[in-house]
2 protein chains.
Amino acid sequence: MAIQRYKGLADDVYGAIFNKLMSLEIAPGSRITVDGLVRELEVSHTPIREALGRLEGEGLVVKTHLVGYSAAPQITRRHFDELYEMRLLLEPDAARRAARQISEGSMRKLTETAEQMRRLDGARERLRYSGFARLDADLHDQILEIAGNALVRETLAHLHTHFHIFRLMFHARVTEEALSEHESLLVALSSGDELGAERAMREHIERSRQRLLMAFV
Amino acid sequence: MAIQRYKGLADDVYGAIFNKLMSLEIAPGSRITVDGLVRELEVSHTPIREALGRLEGEGLVVKTHLVGYSAAPQITRRHFDELYEMRLLLEPDAARRAARQISEGSMRKLTETAEQMRRLDGARERLRYSGFARLDADLHDQILEIAGNALVRETLAHLHTHFHIFRLMFHARVTEEALSEHESLLVALSSGDELGAERAMREHIERSRQRLLMAFV
DNA sequence: GTATATATTATCGTATACGATATAGCGTAT
DNA sequence: ATACGCTATATCGTATACGATAATATATAC
């Protein structure tokens with residue numbers, strides 16, 4: 001992640017609201033009153049409105065005139081499908097590029113992340129899945145970084161933000177399968193096998209889609 | 001385009017600043033003072049700050065603590081390459097899907113847009129290119145709409161916004177070539193030729209890239 | 001008992017005032 | 001002549017006060 005310079009009090013407020021949204025302390029679709037935040041965070045209206053404006057620009061909150069702000073609604077099945085369709089277009093290609101030009105340092109970092117995920121195996125169920133989702137996102141982001149297209153990387157990170165709200169809802173036992181899929185992917189990457197990496201990524205995303213899909217039933 | 005409900009005065013301010021950015025009345029990288037906008041638009045600080053916050057969330061302006069807002073910097077060669085790389089991953093696939101399921105009404109609307117572009121041929125140079133760019137964007141957006149993935153469509157529309165600032169910079173004579181490329185694309189779409197549409201779209205984007213690339217020299 | 005109208009409250013929307021910081025211009029010293 | 005430091009101004013950042021609108025609750029009439 002790129003370092004961010006301090007952008008004023010509104011920046012802190014932004015982070016506070018962002019965390020509330022990610023942790024589901026503010027449920028999707030529920031209202032967000034600025035007076036409530038004024039009392040809770042003990043700052044004035046202005047930085048709060050500015051932060052909410054930013055969140056609106058990013059699509060995490062919506063605004064209705066003379067009614068106020070509310071958290072963006074829950075992800076729908078349609079969005080879910082569209083997101084995975086888009087990932088399948090972008091990420092396998094990124095994996096192919098990554099396999100072509102991966103450095104030793106990047107490979108080591110990637111392996112370490114995968115190791116961390118494996119170690120999470122014994123942890124408590126709910127906590128485990130939350131941590132797993134975060135590390136999985138990190139691993140995918142690392143590959144996109146190696147692939148080199150910052151635009152694609154930022155776009156997916158942004159979509160991931162929306163998606164994360166959704167992911168936290170489920171605590172499916174998905175780790176073991178995903179671990180072996182990551183394994184195949186990393187093997188292809190380290191050996192510079194472009195087509196293998198592309199195929200492994202595509203399969204991993206398709207399977208991930210299937211695993212999460214069950215939650216919709 | 002989806003209809004938007006009125007979101008208050010800040011919404012008008014947002015539109016005003018947005019237009020200034022698109023028309024290059026505010027140059028990329030130049031500073032935007034809120035007091036200046038207060039005097040010019042004759043509204044108070046609050047709606048202006050809220051609008052700037054939203055624009056920041058969309059990445060069109062950047063904020064520096066205790067310095068203020070400024071328009072996002074000019075697009076770089078690197079961004080340009082990344083954008084086209086991403087378009088090549090997403091749009092040919094969209095063209096393929098569109099060819100599979102296009103309706104008669106959509107096809108008619110598409111043809112009409114292409115006709116409009118052809119009629120622009122005689123207009124004054126600068127005006128022509130500006131209008132051409134807008135219609136070209138519209139045509140691509142229509143195809144993405146037909147393809148059905150709203151997420152991809154919104155993402156590209158968003159990137160296009162950034163890109164538009166850049167496009168207006170050039171007034172290259174690119175219309176004639178592009179017109180025939182659109183022709184091939186529409187023929188493939190109307191005949192339901194999936195692979196042909198995909199190929200035509202890829203070629204169109206690649207050629208568009210080459211045409212604009214000259215401007216970087 | 002239900003529906004409609006009115007009053008009250010909560011919240012958004014806007015404006016203004018004050019304090020803090022950075023930038024720029026000017027003067028002085030070397 | 002140049003460089004350093006100080007002062008002044010412009011702009012951001014924050015807080016508070018007031019007005020407008022919508023949602024809710026209550027009371028009255030049918």
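Order of the sequence lines sets the chain letters (A, B, ...), proteins ahead of strands, with each chain counted from 1. Quick caveat: nothing in here was measured; it's all calculated off a predicted structure.
A/Glu25 pairs by the salt bridge (charged side-chain N to carboxylate O under 4.0 Å, His left out) definition with A/Lys20, not counting sequence neighbours. Residues meeting the salt bridge (charged side-chain N to carboxylate O under 4.0 Å, His left out) test with B/Glu91, sequence neighbours left out: B/Arg87. Qualifying salt bridge (charged side-chain N to carboxylate O under 4.0 Å, His left out) partners for A/Glu58, counting only residues two or more places apart in sequence or in other chains: none. Shown here are the side-chain contact (heavy atoms from CB on, under 4.5 Å) partners of B/Glu85, two or more places apart in sequence or in another chain: A/Arg97, A/Asn149. By the salt bridge (charged side-chain N to carboxylate O under 4.0 Å, His left out) test, B/Glu181 is found to be paired with B/Arg207, B/Arg211, residues two or more places apart in sequence or in another chain being considered.
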**Item:** Base versus backbone protein contacts along nucleotides 11-18 of chain C [heavy-atom cut-off under 4.0 Å; B, S, -]
**Value:** -SSBB---
